[in-house]
Structure formats: structure tokens, C-alpha cells
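In this text, all values refer to a predicted model and were calculated from it rather than measured experimentally. All chains are named by letter (A, B, ...) in the order of the sequence lines, taking the proteins before the strands, and each is independently numbered beginning at 1.
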Protein chains: 2
Amino acid sequence: MARRIGIKDVAAAAGVSVTTVSHILNGVEGKRASVETRQRVMRIAEELGYAPNGLARGLRLQRSQSIGFISDEVATSPNAGRIILGAQEAAAEQGVLLLLVNTGGDDELERRGIETLLQRQVDGVLYAAMYHRVVQVPKNLRSTPTVLVDARSDDLTVPSVVPDEVQGGYTAVRHLIDHGHRRIGLMVLGEDIPARHGRTDGYRTALAEVGVPFDPALVVAESTEILGTVWGDVAAGYRAARRLLTSGQRPTALFCFNDRMAAGAYRAAAELGLSIPDDLSVVGFDNQELVSEAIYPALSTVQLPHYEMGVRAVTQLLALTGTLEGTVTQEMLPCPLVARASVAPPPRL
Amino acid sequence: MARRIGIKDVAAAAGVSVTTVSHILNGVEGKRASVETRQRVMRIAEELGYAPNGLARGLRLQRSQSIGFISDEVATSPNAGRIILGAQEAAAEQGVLLLLVNTGGDDELERRGIETLLQRQVDGVLYAAMYHRVVQVPKNLRSTPTVLVDARSDDLTVPSVVPDEVQGGYTAVRHLIDHGHRRIGLMVLGEDIPARHGRTDGYRTALAEVGVPFDPALVVAESTEILGTVWGDVAAGYRAARRLLTSGQRPTALFCFNDRMAAGAYRAAAELGLSIPDDLSVVGFDNQELVSEAIYPALSTVQLPHYEMGVRAVTQLLALTGTLEGTVTQEMLPCPLVARASVAPPPRL
DNA sequence: TCTGGTTGGCCAATCGATTTGCCAACCGCG
DNA sequence: CGCGGTTGGCAAATCGATTGGCCAACCAGA
């Protein structure tokens, strides 16, 4: 493992001092070098394949060019991995790398993880949640530039990037309305989280726009609790859909809290002899391609902007640290509709 | 943003030199300090919340305590994120952090990514592929400790961790055989990759064990090409299953290359009026929970050991760098069966 | 008292870069 | 010729830790 070549090697090979090499390679103003020297140094640095030692540079500059990415379970939740992807790519564009820490939701692990990141002199931290929720910024992060991802803080001064749940819900329901539906069931998670309230608000807004009064009987909350965590899974979707579809006035369309619950709705519909989309239209949320394309007919759904959240979060963080221009705020990103095959006009009576 | 406190601050507060502080905190042998001094220094370090500057330490020790994780698309492929998770957790256990680079399969990005990692003085690199395949170790990684994850090299000296495809295929088919099936269809991807050959071998071995001769008519290769990449998607599974199920001697069970193809098989079966598992048993591969639980009945499948691959890869890498004990080899990890509801005895004739 | 060994701890070099301050050479001009 | 102003470049300090070498104090034994 041949020793990596350092600035000294370049200086020696070029017959100048390390100072000069540094000045030239960093394009320092005011400290000019003759064109000839400059070219020679650059050529030799190139030939030798010189690259500055990141640790030494970081030590001197007090900037490590790396940011911490700390999350509870992001790496676990399928689509959420795209947050990391977006963050990584946006960071790489500025020569910044991501230092990954996953806590599994354990507070002690989180505390230690943050300590480790700070010890590595990260320039800032992205604090990401597995699903959109309100969080407290950990104490030991207070004095470090931090941006929340898929999470928001009560403290309005803490920048964050989250999906626009209201717009997402509105878009989904509007899509159904545009196909002629007026009696639309809403299946939500039985949990007090922003996604539930936001999407419900969007649902109400879209209906109100076309003069359909809100009917509480069309809203069903269901969830499955496993090991203390509440899930909107296939089983929950199945139960919710059964309740809605066997009630007095059957809705002609369902807006489901997520794609897995939509899969449950598919099953309930099949059992009841309802064909999708002819007898029943369905819209999901999340756009988990694995689900939405595995079920038949392919599911029309609303996409969470995971990749974009990662990008925006990094952009905000780098703005915070002065690497990039830009403003820093609590930001909401739109959730676009992905139309597939589960929506059609309501059946003729 | 109060300056982090350094070793000097501790030394000053304790009234000793930085040397002594360093010796005490690192438990250096041979350089003793009086019990009294030792306790005082430790107490003060604790009180001040001292943590050594990772950059400075790394610079001096020529060890950054971080390893690079470079991959083509891992962050994109859902379950594969669990590789990262396993790697991260195994690394964190040794105080090592992961530096993430995603190349999207672009060679130039890969080259630059590796350069950046080396520049950061990573102690080693994990080179991960999105799906099990044979790769060349990039030139600029040759002189750095490297372990391949979900990928293998022709060069047998390069350590790697991959799933045991043969055992996985064997396990799946054996599961069907144990339920009484003898006429088992195999749906593979139309690509020349280790997974296809390994799983096919496992299929043949399991059948041979019970004296069933290999019937080429029961093996169908299908795939969908999108933008130059070959996928085993729902559509491919649908086509493959239709071919198998409408052929002369219909199989009583299907072993599908992956869960998405299995989802396609579900659809083909439904169209042909075949009920799963009563008329037809199905086993998938990958255990992508989103798929296997979204379809009905829930899919019995074989799990790829992503998390474990991440763990083992880090363990091997740390063994390679001398941080941990252990041997370094080309390693295969077992793929366990996850039995759900898609397998039953074959229908009585 | 002298010697040799142990104890406790400090000085200064080192890792590899950046940056401040300074100096010498050279230029043109009065 | 002497002077101020530019140009080109170097020496050394600095970032925050680790570590080899060294020294003073103390003690016991001769």
C-alpha cells in the first residue's frame, strides 16, 4: 500500500516550496506565481496524482467537508432510502460526503451517534425521520447547524423539509373528483400524526371545492399495532375498506392513507365482488412501486418526494454553513400524482 | 457555537501537560501517572465533556476510523438498504463510521467517488452491487483494503460476501417438494447472472434428490427490458407464468426468480381461474415484504440476507485492517425460507 | 555519600495541509 | 543612483491530537 503522495512531494518535484504549491492549487488571490511556475506545479501535481489529505485540510480549515446523516430507521423503510440518495448526490456535487448513523430509534444510541459525529467535526447534521412527524432537536445538536428531514420542529427557527401533505391529499381526491366521483371514502391511520391530518385536510378542501359536504361516515381510521408501533398495513386497509364498502351508502372511490392499505382495499373489493376500477376507484399514497405495481390493476397513487427532500435538506444545510447561497426555512415539497390504472369514472347507476 | 473543548483545555484545568492527559485517557502502558492525577484528569475530562478531535487524531494515527461504502444503486433498491444498515451497525460497534457514495452506475462518478474517499483517508472500502454479480475491482481501489458486497470477483484473493443462491434455490424447491409437489415450474430472469444459475442449480439438485428428472419444458426465462436494463418485473412474471400454466402438462407449483415475478404469476393464475395455493403453489425470492404481503395470499419466499451481508462485510473489512480478529475469504451466506400462505399440497387428481 | 532504578510527568517532534508575514529581485522613473 | 511599488516565493506558525526521548525527584542499598 504505497504511501499517498503529499504536497511535499509535489513541492520537491517542482522545485518550489509547499507554500507555493498550496497557493497555486487553491488559486489564492494576491499571492501570484509566475505563469510558468503555475503550469509546472499544476502539471506535476496532475502527473503525481496528488490529492490533498482531507484530514489535514479539515484540521486546518476547521471544516471537514462532511455532514452527518442521522436517522431512526430510514435505511429500513424502502422508499425513504431515496432521501439518502438525494442527500448524497446533492452533497457530492459540492464535494461533501455523508457520514451515516442509524439509531433504530434508540435514544442512547442517538446521543452517542451524535457525539461521534461532532467528534468527527461534521460541518452540519441532517436529522431524518422514517415518517413525517414532529420531533425535538436533541440537546447536543443545538449548537450545530441542523436541518430536519421528513420531520418538523415546534421551534420555527429550526429549518426542515417535509412533504406537503395537504396538497398531496388534495391532489389525490381532486383526481377522483375529476373522474366524476363525489362519494369518496377516506381510509386513514388511527394515529395522531401530521400525515393523517394534512391528507384529511386536503380531502376536505377538494370536496368543498365542488360543494360536497363533509360526511364523517366516509372516514375510517384503522391500524395494526405490532410491538408498540402502529402500522397502516395490508390488514388495516382490508378492515377499513370492508367497513366502508359494506356500509349503507357505498362510496364509489377510496382514498387510502398508503399503498399497503390500498392493497388491503383491493382484497376487500375482490371479496365483495367489486372490480377495480370499474366498480370502485382507488388512490393510494407513497408510491411504493413494489406495491403499486405488484397489485392488479396497477395503483394510482401520490408520491412522497423523498429524493427531493434529501436534495433540499442538503441545500439548506449548506446554505446554513455558508457553502451555498439560499435561504433557510421550514419548507414543504409537493407530492405529485402518479396515475396508473386504478381510477375510472364511477359506475353508472 | 461555542468552540469544542480540546485536550489543552483539559490539561490546563487539571494543571498537567497535554502529554499526561493523552496518556491517561488512552491508557498508555509504561507511562504511568499517579492514581490521584489519573482520577483528577478523568474527572475533569468528563466534566468538561471532552472528546478528542477526530480529524487531528486521524491525521496523527493515520487511521480515520471510517470506511467508505460505495455502491451503484443500493440506496435505490428497497431491501438492499438493509445492507447499509447492517454495515453501519457493525461498524458503529467498533466506533467506525460509514462514508457513503452512490454512483448510479456511472464509471466516472465511481472513479471520482473513490478518489474522494481515499482523500478522506478511509481505512477501507465496501464495494456493493445492487444485485449479486461479478465485478472488477476498480483500479484505484487496488491498494486499499476492499470487500465486495453482493458481488464477487474473478480474482479469488478479493474478499466478498454474497448470498448462497444454490442453497436458496434448493430451499425453495425443497419446500415445495416437502408439500408433495413433483412437477414444479421454474421462472427465471433471461439474464446471465449468478442468481439465475445458482438458483437453477438448487432447483435441479432438489429435484434430483427425490428422483425427478430435469424437464427443460418446465423452465421459462422471461424479462422486461427498460432503458437497457433487464428487469424481472410483474409483467415478465405474468408472461412466464402464462406460458408455463397453459402448456401441455401444467405444473402444480411455481418457483419464481423474485417476488415481483411471483406477483405476475398470481395475476396469470387468477386469469386462468387457478386459486393459490389450492390449485397452484408459488414460492418467490427476495422477501420484499412490500410485495409478499401486499398480494393475496401472502407469498412464501426466500430471503436474501442483506442485513447479514452488511455485517459480515464490515467484519471482514475490519479483520483485513487488523481492527478485528477473523479470517478473510469469499463468503456465502444462507438464504432462509419465509413461509407464508402461498404453498399447499398439490390438488388431488 | 554515591549509585542505580523506579516513578511521574514534560518537551518537542510529528501527521499534512493552510496562511501570515517577510524578503529579495526587479521594474520604471526622477 | 536611489526609491517606491510590484512580483515571486519562502520560512514558520497553526490546527489538535499522539508519542519518543528525556529529566527530576525519590528511594533503597552499598
Side-chain angles (χ1 to χ4, degrees), chain A residues 2-42 44-45 48-66 95 116 118-123, chain B residues 2-42 44-45 48-66 95 116 118-123:
Chain A
R3 193 176 57 75
R4 280 181 75 76
I5 54 139
I7 196 172
K8 273 189 226 155
D9 305 303
V10 177
V16 297
S17 74
V18 295
T19 307
T20 304
V21 176
S22 174
H23 284 156
I24 291 176
L25 263 32
N26 293 305
V28 176
E29 313 228 5
K31 304 281 185 173
R32 303 118 310 200
S34 68
V35 181
E36 186 207 354
T37 311
R38 177 186 316 278
Q39 291 184 340
R40 178 160 38 93
V41 168
M42 305 235 283
I44 292 184
L48 267 45
Y50 167 73
N53 180 313
L55 297 180
R57 172 179 242 167
L59 178 59
R60 180 67 232 251
L61 297 182
Q62 308 284 40
R63 272 189 300 112
S64 61
Q65 294 282 84
S66 49
T116 310
L118 294 180
Q119 191 177 339
R120 302 300 181 89
Q121 316 294 117
V122 292
D123 299 336
Chain B
R3 194 178 56 75
R4 281 181 74 77
I5 54 140
I7 197 172
K8 274 189 226 156
D9 304 303
V10 177
V16 296
S17 74
V18 295
T19 306
T20 304
V21 175
S22 175
H23 285 158
I24 291 176
L25 262 33
N26 292 306
V28 177
E29 313 226 7
K31 304 283 186 170
R32 304 117 309 197
S34 69
V35 181
E36 187 207 354
T37 311
R38 176 186 316 279
Q39 291 185 339
R40 179 159 39 92
V41 168
M42 305 236 283
I44 291 184
L48 266 45
Y50 167 73
N53 180 315
L55 296 179
R57 172 179 244 169
L59 177 59
R60 180 66 232 252
L61 297 182
Q62 307 283 41
R63 271 189 302 113
S64 62
Q65 295 282 85
S66 49
T116 309
L118 295 180
Q119 191 177 340
R120 303 300 181 90
Q121 316 295 118
V122 292
D123 300 336

Looking for any heavy atom pair under 4.0 Å, which part of the strands does Arg57(A) touch: base, sugar-phosphate only, or nothing? sugar-phosphate

Nearest listed nucleotide, side chain of Gln62(B), among dG16(D), dG9(C), dG16(C): dG16(C)

With respect to the side chain of Leu59(B), which nucleotide from dT19(C), dG16(D), dG20(D) is positioned closest? dG16(D)

d(NE2, His23(B); C1', dG21(D)) in whole Å: 11 Å

What nucleotide, of dT18(D), dC15(D), dT18(C), holds the atom closest to the side chain of Lys8(B)? dC15(D)

Whole angstrom value for the distance that separates C1' of dA17(D) from CG of Leu25(B): 12 Å

Is there a side-chain contact between Tyr50(A) and Leu25(A) in this structure, where contact means two heavy atoms from C-beta onward sitting under 4.5 Å apart? yes

For the side chain of Thr37(A), counting heavy atoms from C-beta on, which of dA17(D), dT18(D), dG8(D) is nearest? dG8(D)

Between Asn26(A) and dT18(C), is there a contact of a side-chain N or O with OP1 or OP2 at under 4.0 Å? yes

Mind calculating the distance between CD (Gln119(B)) and C1' (dG16(C)) to the nearest angstrom? 12 Å

Under 4.0 Å, counting only non-hydrogen atoms across every strand here, what does Val16(A) touch: a base, just sugar-phosphate, or nothing? sugar-phosphate

Spacing of Ile5(B) atom CD1 relative to dA17(D) atom C1', expressed in whole Å: 14 Å

Atom pair distance, as rounded to whole Å: CG in Asn53(B) and C1' in dT18(D): 13 Å

Minimum-distance pair of heavy atoms, taken over all atoms of Asp9(A) and Gly6(A): OD2-N, 2.6 Å

Using the side-chain heavy atoms of Ser22(A), tell me which of these nucleotides is nearest: dG16(D), dT19(C), dA17(D). dT19(C)

Under 4.0 angstrom, heavy atoms only, what part of the nucleic acid is Ser34(A) near: base, sugar-phosphate, or nothing? sugar-phosphate

In whole Å, what is the span from the CZ atom of Arg4(A) to the P atom of dC15(C)? 17 Å

Rounded to the nearest angstrom, tell me the gap between atom CZ in Arg60(B) and atom P in dA12(C). 16 Å

With a 4.5 Å heavy-atom cut-off, do Lys8(A) and Val21(A) have their side chains touching? no

What does the inter-axis angle of the helix from dT1(C)-dA30(D) to dG30(C)-dC1(D) come out as, five pairs per end, nearest 10 degrees? 70°

Is the closest side-chain heavy-atom distance between Gln119(A) and Pro52(B) below 4.5 Å? yes

Measure across Ile24(A) and Arg38(A) and return the closest heavy-atom pair with its distance rounded to 0.1 Å. CD1-CA, 3.6 Å

Decide yes or no, distance alone: a donor-acceptor N/O pair under 3.5 angstrom between the base of dT18(D) and the side-chain of Thr19(B). no

Closest contact, heavy atoms only, Leu55(A) versus Ser64(B): CD1-CB, 4.2 Å

Once you round to the nearest 0.5 Å, how far does CG of Asn53(A) lie from CG of Leu118(B)? 11.5 Å

Of all the choices, dG8(D), dT18(D), dT19(C), which nucleotide is nearest to the side chain of Ile7(B) once you look at every atom? dT18(D)

Output the rounded distance in Å from OH (Tyr50(A)) to P (dG16(C)). 11 Å

Check every atom of dC10(D), dC15(D), dC11(C) against the side chain of Thr20(A) and return the nucleotide holding the closest atom. dC10(D)

Pairwise side-chain contact, Ile7(A) with Ser22(A), heavy-atom cut-off 4.5 Å (strictly under): yes

